Number of protein chains: 2
Amino acid sequence: MDQPVSELLRTRGLRSTAQRRAVLTALHGHAHSTAAELEHRIQSADDGSGTSGTSPRLSRQGLYNVLEDLSRAALIRCIEPAGSPARYELRVGDNHHHLVCRSCGRIKDVDCSVGRAPCLEPGDDAGFSIDEAEITWWGLCADCRPATAQRPPRH
Amino acid sequence: MDQPVSELLRTRGLRSTAQRRAVLTALHGHAHSTAAELEHRIQSADDGSGTSGTSPRLSRQGLYNVLEDLSRAALIRCIEPAGSPARYELRVGDNHHHLVCRSCGRIKDVDCSVGRAPCLEPGDDAGFSIDEAEITWWGLCADCRPATAQRPPRH
DNA sequence: GGTCAAAATTGACTGTGTCAAAACTGCCCG
DNA sequence: CGGGCAGTTTTGACACAGTCAATTTTGACC
């Protein structure tokens with residue numbers, strides 16, 4: 001089960017190391033993890049696969065190195081919502097966007113209707129050559145919204 | 001010349017203090033300043049107005065308090081582009097967006113064609129009640145773009 | 001299996017921002 | 001026009017996220 005991950009790494013010109021495999025598998029099913037969350041998930045448990053893949057030791061610096069290498073290889077993507085440490089996800093290359101709850105910080109992916117970056121053009125590009133439009137929607141998720149606002153007020 | 005600022009503060013329910021006036025005036029002509037930049041600008045010089053307004057002492061904590069108070073009063077706005085400390089600006093309430101240079105960090109305002117938040121709706125709001133769409137365009141400014149890319153390639 | 005560049009670890013360190021308690025000061029009131 | 005006090009600011013310690021540089025370890029090719 002680790003074989004595909006190893007090959008994925010090598011096809012991107014990266015060595016297959018236990019640390020890199022661990023970060024990639026730790027991200028499965030845990031989109032938008034912070035570095036600290038990944039660190040805990042990797043250090044305090046095996047990778048949950050039940051197979052031979054036990055977790056390696058992983059230093060903080062090592063984690064940051066891995067995250068940068070994987071980002072540069074476009075195997076993961078990093079987002080930095082205001083007020084949050086950097087978060088990482090496996091969804092890459094589809095130029096999707098994010099919905100963030102102002103209260104609990106929950107993050108939801110939002111498909112990009114255009115699909116490729118930049119999906120949106122500014123009215124005036126001020127001479128920039130733009131390669132990406134990053135969109136973050138802010139609001140309250142269903143759980144955090146006060147009951148009185150669950151339905152839009154009718155005035 | 002300080003009178004209007006004082007009144008502005010009071011009309012928003014905030015006391016007019018030397019520190020708050022200094023932050024507001026330090027932001028004039030210096031949009032997208034970081035807290036550190038404001039701190040230096042206020043501590044190391046008078047306010048540049050040439051009038052009686054000399055700068056007060058301002059502690060770091062005091063600066064952060066002021067920035068939070070002014071933000072809550074909607075007198076300033078805070079943005080946090082990925083990879084940058086928080087930045088502050090006086091343009092408020094027009095739901096404008098930002099263009100950021102990946103190389104030098106230069107930030108340009110981009111008018112919002114819709115004008116009021118949220119100017120954009122996600123395809124699926126996942127049950128959130130959305131109040132703002134924050135858009136950041138990423139690219140290279142004219143100064144940072146390599147010469148060969150100054151004109152779009154013609155293939 | 002040997003070799004060596006690539007990758008990981010170690011430990012100190014920086015920048016940005018926060019907490020809590022004490023001191024100060026605008027501004028209202030008499 | 002001076003007292004009083006809630007609202008502000010200062011002080012100093014601290015936390016968090018991330019970075020730097022030097023050393024050690026390791027993956028993968030021969």
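Note that the structure is a prediction, hence the values are computed from the model and not measured. Just so we're on the same page: letters track the sequence lines, and every chain starts at 1. Every heavy atom of this structure was used, including side-chain atoms; hydrogens, water molecules and symmetry mates were not.
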- Message: Under 4.0 Å, heavy atoms only, any strand: does A:A36 hit a base, just the sugar-phosphate, or nothing?
- Response: nothing
- Whole Å only: how far is the OH atom of A:Y64 from the P atom of D:dC16? 12 Å
- Query: Taking for each residue the nucleotide of DNA chain C with the nearest heavy atom, is it B:R10 or B:R87 whose nucleotide lies nearer the 5' end?
  - Reply: B:R87
- Task: Select base, sugar-phosphate, or nothing to describe what A:S59 touches, counting heavy atoms under 4.0 Å on all strands.
- Result: base
- Whole-Å gap separating P (C:dC27) and CZ (B:R21): 8 Å
- Task: Begin from the C-alpha positions of B:E132 and A:W137 and carry the test side chain to side chain donor-acceptor pair (under 3.5 Å) through to its verdict.
- Result: CA-CA 6 Å; B:E132 182 187 352; A:W137 281 281; over 6 Å; no
- Measure from CZ on B:R20 to C1' on D:dT8 and round the result to the nearest Å. 6 Å
- Can you tell which of C:dA8, D:dT9, D:dC20 lies closest to the side chain of A:N65? C:dA8
- Message: For a quick test of reading the model: is some side-chain N or O of B:T17 closer than 4.0 Å to OP1 or OP2 of C:dT25?
- Response: no
- Task: Starting at atom CG of A:D69, determine the distance to atom P of D:dG18, rounded to an integer number of angstrom.
- Result: 16 Å
- Query: Do the side-chain N and O atoms of A:H32 and A:D109 include a donor-acceptor pair separated by under 3.5 angstrom?
  - Reply: yes
- B:Q61 atom CD is separated from C:dT16 atom C1', nearest whole Å, by 12 Å
- Side-chain N or O of A:R57 closer than 4.0 Å to phosphate OP1/OP2 of C:dT10: yes
- Message: By the 4.0 Å heavy-atom rule, please label B:R60 as base, sugar-phosphate, or nothing.
- Response: base
- Query: Does any donor atom in the side chain of B:R41 or B:S33 lie under 3.5 Å from an acceptor atom in the other side chain?
  - Reply: yes
- Item | Side-chain donor-acceptor contact under 3.5 Å, A:R21 with A:S16 | yes
- Scan A:A18 against the nucleic acid and name what it touches under 4.0 Å (heavy atoms): base, sugar-phosphate only, or nothing. nothing
- Item | Sugar-phosphate, base or nothing in reach of A:S16, heavy atoms under 4.0 Å | sugar-phosphate
- Message: Before you tell me yes or no, could you show the steps for A:H98 and A:E89 under side chain to side chain donor-acceptor pair (under 3.5 Å), namely the whole-Å CA-CA distance, both residues' side-chain angles and the distance that decides it to 0.1 Å?
- Response: CA-CA 12 Å; A:H98 296 97; A:E89 59 187 353; 3.2 Å; yes
- Query: Within the structure, does a side-chain N or O atom of B:Q19 lie under 4.0 Å from either OP1 or OP2 of C:dT25?
  - Reply: no
- Please report, rounded to the nearest Å, how far the C1' atom of C:dA8 is from the CG atom of A:L67. 14 Å
- Query: For A:R15 and B:A35, take the nucleotide of DNA chain C holding the closest heavy atom to each; which residue's nucleotide lies nearer the 5' end?
  - Reply: A:R15
- Task: Provide, to the nearest angstrom, the distance between the CZ atom belonging to B:R72 and the P atom belonging to D:dT8.
- Result: 9 Å
- Atom-to-atom span, CD of A:E80 to P of C:dG15 - whole angstrom: 18 Å
